[in-house]
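As structure tokens, the structure follows; a few thoughts come after it.
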Amino acid sequence: MKAGSNLENVLSKGLFAVTGELGPPKGNEVSVIKRKADLLRGYVDAVNVTDNQTAIVRMSSIAASSLLLQMGIEPVMQMTTRDRNRIAIQSDLFGATAFGIKNMLCLTGDHHTFGNQVDSKNVHDLDSIQLIDCVRTMRDQGTLLGGEEKIEGEIKLFIGAAENPFGDPFEFRAIRLAKKVAAGVDFIQTQCIYDMNRFKEWMKMVRNLGLHEKVHILAGVTPLKSGGMARYMAKNVSGIIIPDEIIDRIVKAKKPAEEGIKLCVEQIQELREIGGVHGVHIMAIEWEQMTSQITEMAGLLPRPKVA
Amino acid sequence: MARIGIFIDGMGGSIPAPFREKIVSVIRGLPEIAFSVEEENLASPGALQRMAEHLKAEEVDRAVILGGSPKLYETSFNKFGYPVLLNPYLLTVANLKEQTLQAVANEEEAVEKARKMMIKAIHLASSSGPIESRSLPLTPQTLVIGGGITGIAIALALARSGIQVYLLEKGKHLGGKALELRRFYNRPEEVQKWVEEKVSEISRNSRITVISETELKRLDGHLGRFQATVRKANGTEAVLSPSAIVVATGYEVERNRKGIYGHRSFISFAEMETLLAENEIPSLLRNGKRVESVAFLLGEVNGDVKIDSINAVKQSLLLQEAFQCQTVILCKDLKVSSDGMERLYRRARERGALFIKFEEPPKLSIVNGQIQVDVKDTSAIRKEDEWPLSILSDLIVLSDALIPNPETENLCRILGLHRGNRGFFMEDNPQLLRVRSNRRGIFVAGGCRFPQEVSETLNEAGATAQEVIALLSGGIYPYDLSVAEVDPEKCAVCLTCPRLCPHSAITVEKYAEKNIYITPGIGEGVKWGAARVDPVACYGCGICVGECPAKAITLRHQPDELIYAQMNLSD
Amino acid sequence: MIKAEQKPLEEILLYLKSYDRILLSGCGACVTVCQAGGEKEVGLLASALRMARMKMGTPLEALEATPARQCEPEFAAELSETVEKVEAVLSVACGVGVQTLARHFPKTPVFPGVNTTFLGETVTHGVWEERCQACGNCILERTGGVCPVARCAKQLFNGPCGGSSKGKCEIKREADCAWQLIYDRLNGLGQLYRMEEIIPARRWGVESRDSGLRRIVREDLKV
Amino acid sequence: MVNFEPKIVAFCCDQSGYPAADMAGGLELNFPGNVEFVRVPCAGRIETLYLLKALERGADGVLIFACYEENCQFLRGNLRAKSRLSYAHRLLEKIGLEKERIEICHLATNCGPKLAETLHRKSEQLKKLGPNPAKI
């Protein structure tokens, strides 16, 4: 065991893992976290806590993750390289692990111009692959990046990263995953999947490289709430592909939200059948109450208790 | 101090004597005014002669004409010869007729205005400098790029006038697109035979050197001393030194055979040409099957090009008269403006060809393995007489898009030429200078400029040859230095001017002195890398002058000072 | 070369508010090429400033000069006599030229007339794009001659982020994704394996601007 | 101002504007009282600086008489003039001058009446705008 987290236990037992996602409040309102935590408790194995997602200022992921721990939910602390240099990153990891956080997700982060502090200066001292390497060094070598300074104590982290099979150049996307694996990543959560064909094609490349045996891949899904949301995401979010027939299906549905949930469940069932997919990551953004229904309908309940 | 002679032109009474007197009285007696003489029609040959004599007798170094538009005098100087002894740039004109007398109603104001204009003209004359005239020797050598019928015809015409021709052909053989053609629409002989005769004439002509399987790789220099580097297919290179260049690289055909157009019933005009030539009269067979009906569908892909219309009527007549086929020609417009076409069109109609004019493009569908064309005929006079038709033909001849040769873009870059809106080589001026390119000494002719039918292209070849002969026959190119000039010390080599020069007259090169040409490769005395305007290639428009961010370029005959002097404002 | 853009006239007018006689100094090198501060732009800006001040009722005398390269001490020295005649200098050279003049004329205020923008390349006439950030440790040999430091919005070293879509960057849709360019170029060169190598965390501090003033000394050249 | 006769500098391309001015004179179409014609070989010769300098040195308005678009003897001279004019307009705006003070008019040799009309219209317009407040 690298960190001994619940997520690591589930995955290493070969069980199909389910993770959820929680966006911290745009302030210090703890009740927001509590409300969302209650909606997710018991339906997922761990919950991602975003790190100022889309560069909108929110409560720090370390603080929010610690609060989740107190509420009895296992967090996957996200950390971007956008806002911290390697000094801040390593210091934050000392703190996070001291609080008992055992999972983290290494990200580059959305560009700061997308958020609400566009005049800031981004850092990007490291990129996500270099961050993975940094955390792995801290955990496995017990030293800071650079390999000389010994760390007091032990950093136990189950290291995750994201990958987007829908970004371009497509042919490079599996190779990029290989780089993350080489850097020491333990699990991967993908961008939300709508274009099943392209995902399957990507997984095939992943399997051909033998990566599915070295890393746990959790397929990302996001239920569509409405036709408008589907259209907006397809048009405006780079790196997300929504095929026209899916947009059509939601747009034409009498109850689009219900249809969105149904579609999401179907997707999870289809993803389960793909070789090398070890779990799903459900990103029900500001729609956390649906996580119970989705996991229920998809037959993912009850969540296993592993020691 | 300048000695200025004043010529006052009464312009056949347009500028009355009292008015003239009121103007000239102001300057009479001024020390720099050597004399003032009156003439009635200064632009006439006799008056010009007298003007020359005055200039000589009085030893003036500047002259001012008070009269009409400067354009009038410039035209007559060109026609009758410019009065000697005074550099033309030291003479200025005050346009009293058009700009004061006729343009100002109140006489007092007109006088006032005219005086001002005269003073301005005197000022301009005294601040002008002379511009040197030069001439460039031209050897009678040309490079013709492209061995299609345009290139062939031009080469033969030039050779007949004693001009040496290098005929460059990228393929193995001369002839180009004409080899796909079997018959002319307006000549009895077969195209192939005609081409053969011309090719054999070329091979017998000692003034024409055919260089086949060779392409132009690089071009340096300008009119009179081009340096063209050509490369053979085997990689060997040679440098030719033509005085002028003709581009005749023709056009290309782009076939759309996607979707329904892939059906076996569709053929191109070139395929029909072959079919007609291969079959024995009177029955037309294709793949062993008899062809009894043919439709021609003239698409809109080629806009105002006449080739498809001519070929459709020509082939239709052959099909009707020799092979007893029923023909239909569907088109938006039939272009019959070529020589003799109107007659052919009428004959085709009389023999029973159907002409259908449409607005909406016809709909194509496959019915029982055949192509059905549904079209609404709009040639009826009354709207209610328009009716939809369905046509089932054994064959449908389809327009192919006539597009620029794929190497056009690259050739343009090498030659410093422009491409027009459809990507073909652009002529200098579509109304006046059809076969001249934007560069002096380079001509564009035939299909590379605009896809043309054979007979049209032969006319154009003749016109181009005439232009080249007119340019080279004198053996010299006279020019003056009323051109742009770069100060190499100020030049930042930013490449603005070579990018913007419409005539590709500017290159960045190393040279020792301003406006001294050094052939690339000769490094002696090279001191500076800067932009250089070739005075022969420059048209003197001044675009580069206005654009130069370092203000390193001057227009010699119209520097800043003369512009500001014309503005007549405070300093 | 260095690319710059003229500052808004209102900003320049504000700098010069309390001066009646200035020298407007251009530069014959980079800013001439990018049409921000050559002799032509100096003339235009001087004329515009004079008219603007005339209209405001406080005429301005603007002398004009365009030394060959403002960042050389000798060329700066050529301006000495003129600078003595004026109250302030407005320099439309890059930030380097402004500082050369400032160093040379300790008693005369020197104002920038342009914003020095980037080290760039001419894409087409009139369009320039950033190509280099002078980071001090060139990695172009690993990235097929396309710089991710200057051209990737996140300065990524190990391939494109998830926002790379159809060859474009998610930050500016009109901009090419630098890593797509790198991919295409290495693919064309048959060197895609170069993208499989992990580029480790970079040593910014040792060579880059973050280590304070950078200085190049060539002992052999010193006189 | 009652007796204000605006001073107009009229740049004339030799291929169109200048012959059009000749024609206007020939047709005895009156010009406004204070026009100074500047003959240039092509509108592409007209530098941005000339447009500003004309105003700086005392003109109230500037007109460019250039060939119709796509009809330039030198292919792009008139387009360059147009682009330079747009740059000058941006500067005028910053200076605080009305951009109507500089205008381009595309015409051909046979457009004498158009030239005269444009001059008169510009003169009337400038009378309304008043004297150029930025002239030195």
Side-chain angles (χ1 to χ4, degrees), chain B residues 14 68-72 74 92-93 95-106 109-110 112-113 116-117 120 124 418 421 426 428-433 438 482 484 500-503 539-548 551 555 557-558 560 562-571, chain D residues 5 7 9-15 18-19 21-51 53-59 62 70-81 83-84 109 112 116 119 135-136:
Chain B
S14 299
S69 168
K71 295 223 150 221
L72 173 76
E74 283 159 15
T92 53
V93 180
N95 185 353
L96 302 189
K97 184 181 163 212
E98 273 92 358
Q99 289 187 9
T100 65
L101 258 180
Q102 292 178 334
V104 182
N106 178 315
E109 278 175 26
E112 191 52 37
K113 179 88 198 170
K116 271 195 195 160
M117 285 193 62
K120 178 166 144 183
L124 283 170
H418 295 288
N421 40 13
M426 193 167 93
D428 191 32
N429 184 310
Q431 278 89 39
L432 301 169
L433 311 160
N438 55 301
S482 59
L500 277 136
C501 176
H503 305 109
Y539 284 57
C541 66
I543 292 176
C544 59
V545 184
E547 216 70 36
C548 176
K551 283 195 79 58
L555 198 60
H557 58 300
Q558 206 185 41
D560 281 358
L562 285 188
I563 298 263
Y564 288 123
Q566 283 195 76
M567 288 190 208
N568 221 356
L569 299 162
S570 60
D571 234 352
Chain D
E5 183 65 65
K7 169 129 196 167
V9 171
F11 290 97
C12 291
C13 164
D14 205 34
Q15 319 298 326
Y18 201 83
D22 279 352
M23 181 194 188
L27 293 171
E28 310 213 349
L29 302 168
N30 285 343
F31 294 152
N34 207 352
V35 181
E36 209 66 61
F37 289 103
V38 180
R39 190 182 175 199
V40 286
C42 168
R45 172 73 186 96
I46 305 162
E47 300 182 25
T48 321
L49 186 59
Y50 299 159
L51 305 175
K53 280 283 177 192
L55 294 178
E56 188 187 328
R57 293 189 182 176
V62 180
E70 295 189 15
N71 202 22
C72 175
Q73 168 119 22
F74 307 109
L75 302 165
R76 54 166 83 104
N78 52 356
L79 299 178
R80 294 312 308 149
S83 298
R84 291 175 197 160
T109 47
L119 282 170
K135 66 176 104 171
I136 310 267

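Bear in mind the structure is a predicted one, so any value in this text is a computation, not a measurement. Below, read A as the first sequence line, B as the second, and so on, with proteins coming before strands; counting in each chain starts at 1.
- Looking only at heavy-atom pairs under 4.5 Å with chain B, the residue among D/Met23, D/Lys53, D/Arg84, D/Lys135 that has the most is D/Arg84.
- Under the salt bridge (charged side-chain N to carboxylate O under 4.0 Å, His left out) criterion, B/Lys97 pairs with no residue at all, not counting sequence neighbours.
- Not one N or O on the side chain of D/Glu28 forms a donor-acceptor pair closer than 3.5 Å with the backbone of B/Gln102.
- Note on D/Asn34, D/Ile46, D/Val40: by heavy-atom pairs under 4.5 Å with chain B, the leading option is D/Val40.
- For B/Met426, the part lying under 4.5 angstrom from a heavy atom of chain D is the side chain only.
- Only the side chain of D/Lys7 comes within less than 4.5 Å of a heavy atom in chain B; its backbone stays farther off.
- Counting heavy-atom pairs under 4.5 Å between each of B/Cys501, B/Pro502, B/Ala103, B/Gly68 and chain D puts B/Ala103 at the top.
- Residues B/Glu98 and D/Asp22 approach most closely at CG-O, 3.0 Å, considering heavy atoms.
- Proximity to chain D (any heavy atom under 4.5 Å) is restricted, for B/Asn95, to the side chain, taken from C-beta onward.
- Both the backbone and the side chain of D/Arg76 come within contact range of chain B, with heavy atoms under 4.5 Å apart.
- D/Phe74 has its side chain within reach of B/His503: a pair of non-hydrogen atoms, C-beta onward, lies under 4.5 Å apart.
- Using a cutoff of 4.0 Å between basic side-chain nitrogens and carboxylate oxygens, D/Arg39 and B/Glu74 are scored as salt-bridged.
- B/Glu112 does not touch chain D: none of its heavy atoms, backbone or side chain, sits under 4.5 Å away.
- Looking at D/Val9, the atoms closer than 4.5 Å to chain B (heavy atoms on both sides) all sit in the side chain, from C-beta outward.
- Residues B/Leu569 and D/Arg57 approach most closely at CB-O, 3.5 Å, considering heavy atoms.
- Proximity of D/Glu36 to B/Gln566: side-chain heavy atoms (C-beta onward) are nowhere separated by under 4.5 Å.
- For chain D, the nearby parts of B/Gln558 are the backbone and the side chain; heavy atoms of each come within less than 4.5 Å.
- The two atoms that bring D/Pro41 and B/Cys541 nearest to each other are CG-O, 3.7 Å, heavy atoms only.
- Looking at B/Tyr539 and D/Gln73, their side chains never come closer than 4.5 Å, going by heavy atoms from C-beta outward.
- Interface remark: D/Phe37 contributes backbone and side-chain atoms alike to the contact with chain B (heavy atom separation under 4.5 Å).
- In this structure, the separation between SG on D/Cys72 and CD1 on B/Ile543 is 5.5 Å, given to the nearest 0.5 Å.
- Using a 4.5 Å cut-off on side-chain heavy atoms (C-beta onward), D/Asn30 and B/Val104 make no contact.
- Comparing B/Leu72, B/Leu500, B/Asn106, B/Leu101 by how many heavy-atom pairs each has under 4.5 Å with chain D, the most go to B/Leu500.
- For B/Asp560, the side chain to side chain contact (heavy atoms under 4.5 Å, CB included) test picks out B/Lys551, B/Tyr564, D/Arg45, D/Glu47, D/Tyr50, with sequence neighbours left out.
- In terms of heavy-atom pairs under 4.5 Å with chain D, the best-connected choice from B/Gly546, B/Pro70, B/Cys544 is B/Gly546.
- B/Lys71 is listed as a side-chain neighbour of D/Asp14, based on a closest heavy-atom distance under 4.5 Å.
- Judged purely by atom type and a 3.5 angstrom limit, B/Lys113 uses its side chain to pair as donor or acceptor with the backbone of D/Val35.
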